[in-house]
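Report on one structure; see the data block that follows.
Just follow the structure's listing: the first ligand is 1, and inside any ligand the first atom is 1.
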Amino acid sequence: MRIIRHPAEMTAWAKEQAKSGQRIGLVPTMGFFHEGHLSLMRRAGQLADQVAVSLFVNPTQFGPQEDLAAYPRNFERDCAMAEAAGVAVLFAPEAVGMYPAGFNTTVMVGTELTGQLCGASRPGHFAGVATVVCKLFSIVRPDLAIFGEKDWQQLAVIRRMTADLNLGVEIVAHPIVREADGLAMSSRNTYLAPQQREAALSLSRAIVLARKMAAEGERSAERLTAALRDFIHSFPETTVDYISFVHQDTLQEVAEIDEETVLALAVKIGGKVRLIDNGKVLV
Ligand code: AMP
């Protein structure tokens with residue numbers, strides 16, 4: 001597996017692949033790999049000839065009070081895991097390589113998709129995400145790029161940006177990979193103290209509860225939200241950031257749930273660790 005640090009070198013590699021007719025699949029990540037990341041990489045290997053993974057803890061998508069400095073990192077371990085997953089190139093740029101002096105462009109997807117959910121709790125987050133993904137597409141020139149449904153809103157934002165800017169990259173969505181007990185895998189799960197790990201199950205269990213209530217006939221987003229809020233707060237150290245029933249594509253809140261509704265959740269555990277999860281309710 002080749003490790004590339006410089007955008008220009010990355011693009012040179014991409015041009016070589018294109019010349020020889022090789023299709024490139026890109027998996028953008030912030031590293032500290034887990035099985036969720038690896039399943040995206042393996043999927044990319046099935047869909048493309050060459051897999052490129054970007055590893056970049058993008059400073060512009062973190063707010064001033066967020067966990068940029070503390071974000072877990074283990075470059076050696078990530079390299080070994082990516083190589084074992086069949087990755088051809090790991091693109092791990094320095095921040096200064098991505099944002100050199102004078103950098104002054106931001107890609108903003110409109111507030112219809114970015115004003116709610118994580119966009120409301122994390123102002124500026126999706127501008128950071130859209131800008132870095134747009135840059136990654138320009139640098140790596142992939143035929144396709146894979147994103148996890150774990151970040152449902154991110155996926156919708158990237159799809160919109162890719163279509164609106166004619167970026168010509170096929171966006172592939174990959175299902176959420178979970179621990180055996182249901183917790184959605186996340187690099188941020190490492191922040192959880194042992195007693196908080198149990199409380200983190202409140203998210204996936206809330207989705208299960210919503211499905212049960214829906215199967216019994218409940219359709220009111222308001223009543224479901226109230227029940228889920230009580231349920232999540234019955235776990236120690238939990239604070240609901242949002243519980244929202246939205247249309248799967250438009251991300252607009254719905255009053256009555258149907259087959260196109262996604263339940264999106266963000267919960268803080270112990271006041272610090274913010275976890276997200278989502279799922280269809282009527283399945
Ligand atoms: P991250 O490194 O957290 O920015 O994630 C990189 C990519 O992996 C994003 O497309 C995420 O949606 C995806 N991802 C993260 N966790 C999971 C998971 N548990 N299941 C599926 N995809 C995931």
Side-chain angles (χ1 to χ4, degrees), residues 25-48 51-63 66-68 70-75 77-79 81-82 85 87 90-93 95 98 117-118 122 125-126 128-137 140 142 144-162 169-192 197 200-201 203-204 207 248 251 262 264-267 273-280:
L26 171 66
V27 182
T29 81
M30 299 204 299
F32 209 70
F33 296 148
H34 51 66
E35 188 52 38
H37 296 112
L38 298 180
S39 76
L40 265 61
M41 294 175 203
R42 290 193 289 264
R43 176 92 178 274
Q46 291 160 0
L47 299 175
V51 178
V53 169
S54 60
L55 192 172
F56 183 56
V57 184
N58 174 36
T60 68
Q61 69 190 67
F62 288 78
E66 293 184 1
D67 58 342
L68 173 62
Y71 198 82
R73 292 164 169 88
N74 190 335
F75 188 67
R77 179 169 155 272
D78 283 352
C79 287
M81 289 168 82
V87 171
L90 186 73
F91 175 52
M98 292 294 273
L117 307 176
C118 290
R122 307 182 68 187
H125 172 68
F126 286 114
V129 168
T131 304
V132 81
V133 171
C134 191
K135 279 178 69 74
L136 289 168
F137 285 0
V140 182
L144 61 94
I146 309 203
F147 294 86
E149 290 179 353
K150 160 98 186 323
D151 300 275
W152 190 273
Q153 188 174 19
Q154 169 171 282
L155 190 52
V157 168
I158 304 271
R159 279 192 199 286
R160 184 79 266 151
M161 172 189 78
T162 304
V169 178
E170 181 192 344
I171 305 301
V172 177
H174 194 78
I176 300 177
V177 178
R178 297 179 179 280
E179 304 285 357
D181 60 5
L183 178 66
M185 291 191 183
S186 166
S187 307
R188 290 189 166 98
N189 290 347
T190 74
Y191 296 146
L192 296 167
R197 174 66 180 71
L201 284 175
L203 290 95
S204 57
I207 297 171
Q248 58 187 4
L251 306 187
V262 168
L265 300 171
V267 176
V273 186
R274 185 177 173 282
L275 301 179
I276 58 171
D277 201 346
N278 69 76
K280 288 278 192 78

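Arg43 pairs by the salt bridge (charged side-chain N to carboxylate O under 4.0 Å, His left out) definition with nothing, not counting sequence neighbours. The side-chain hydrogen bond (donor to acceptor under 3.5 Å, both in side chains) test applied to Arg77 returns no partner, not counting sequence neighbours.
At a heavy-atom distance under 4.0 Å, no atom of Glu35 approaches ligand 1. Contacts between Ser39 and ligand 1, counted as non-hydrogen atom pairs separated by less than 4.0 Å, are absent for every part of the residue.
Side-chain contact between Asp67 and Tyr191 is present, with heavy atoms from C-beta onward closer than 4.5 Å. Residues Pro28 and Phe56 are not in side-chain contact: their nearest non-hydrogen atoms beyond the backbone lie 4.5 Å or more apart. Considering only heavy atoms from C-beta on, Thr29 stays 4.5 Å or farther from Leu40 through its side chain. Contact annotation: the side chain of Pro59 never approaches that of Met98 to less than 4.5 Å [non-hydrogen atoms, C-beta and beyond].
For the atom pair CZ (Arg160) and CG (Leu155), the distance works out to 13.0 Å, reported to the nearest 0.5 Å. Between Leu117 atom CG and Leu251 atom CG the span is 6.0 Å, to the nearest 0.5 Å. Arg122 CZ to Gln153 CD: the interatomic distance, rounded to the nearest 0.5 Å, is 10.5 Å. The distance from the CH2 atom of Trp152 to the CG atom of Asp277 is 12.0 Å, given to the nearest 0.5 Å. Distance OG1/Thr162 to CD1/Ile171: 3.5 Å, rounded to 0.5 Å. Once rounded to the nearest 0.5 Å, the distance linking CZ of Phe147 with CG of Leu26 reads 6.5 Å.
Near Phe147, with a cut-off below 4.0 Å to any heavy atom, the atoms of ligand 1 are 10 (O). Per-residue contacts place Pro175 under 4.0 angstrom from the following atoms of ligand 1 (heavy atoms of the residue considered): 20 (N), 21 (C). Ligand 1 places these atoms under 4.0 Å from at least one heavy atom of Met30: 1 (P), 2 (O), 4 (O). With ligand atoms numbered from 1 in the order given, ligand 1 contributes 20 (N), 21 (C) to contacts under 4.0 Å with heavy atoms of Ile176. Within ligand 1, counting atoms from 1 as listed, the ones closer than 4.0 Å to a heavy atom of Met185 are 16 (N), 17 (C), 18 (C), 19 (N). Proximity to Asp151 (heavy-atom distance under 4.0 Å) selects the following atoms of ligand 1: 11 (C), 12 (O). Heavy-atom proximity to His34, at under 4.0 Å, picks out these atoms of ligand 1: 15 (C), 16 (N), 17 (C). Atoms of ligand 1 found under 4.0 Å from any heavy atom of His37 (numbered from 1 in listed order, with element): 1 (P), 2 (O), 3 (O), 5 (O), 6 (C), 8 (O).
Looking at Leu40 next to ligand 1, no N or O pair under 3.5 Å apart turns up. Residue Ser186 has no nitrogen or oxygen atom sitting less than 3.5 Å from a nitrogen or oxygen atom of ligand 1, judged on distance alone. Taking distance alone, with nitrogen or oxygen atoms compared against 3.5 Å, Glu149 stays at or beyond that limit from ligand 1. Here's the thing with Pro28: none of its N/O atoms is less than 3.5 angstrom from an N/O atom of ligand 1. Some N or O of Gly148 is nearer than 3.5 Å to an N or O of ligand 1, by distance alone. Note: no N/O pair closer than 3.5 Å links Gly36 and ligand 1 by distance alone.
Put simply, no part of Arg178 is less than 4.0 Å from ligand 1, judged by heavy atoms.
The single protein non-hydrogen atom nearest to atom 20 (N) of ligand 1 is Val177 N, 2.8 Å, given as residue, atom name and distance. Looking only at protein heavy atoms, the nearest one to atom 23 (C) of ligand 1 is Lys150 CB, 4.0 Å.
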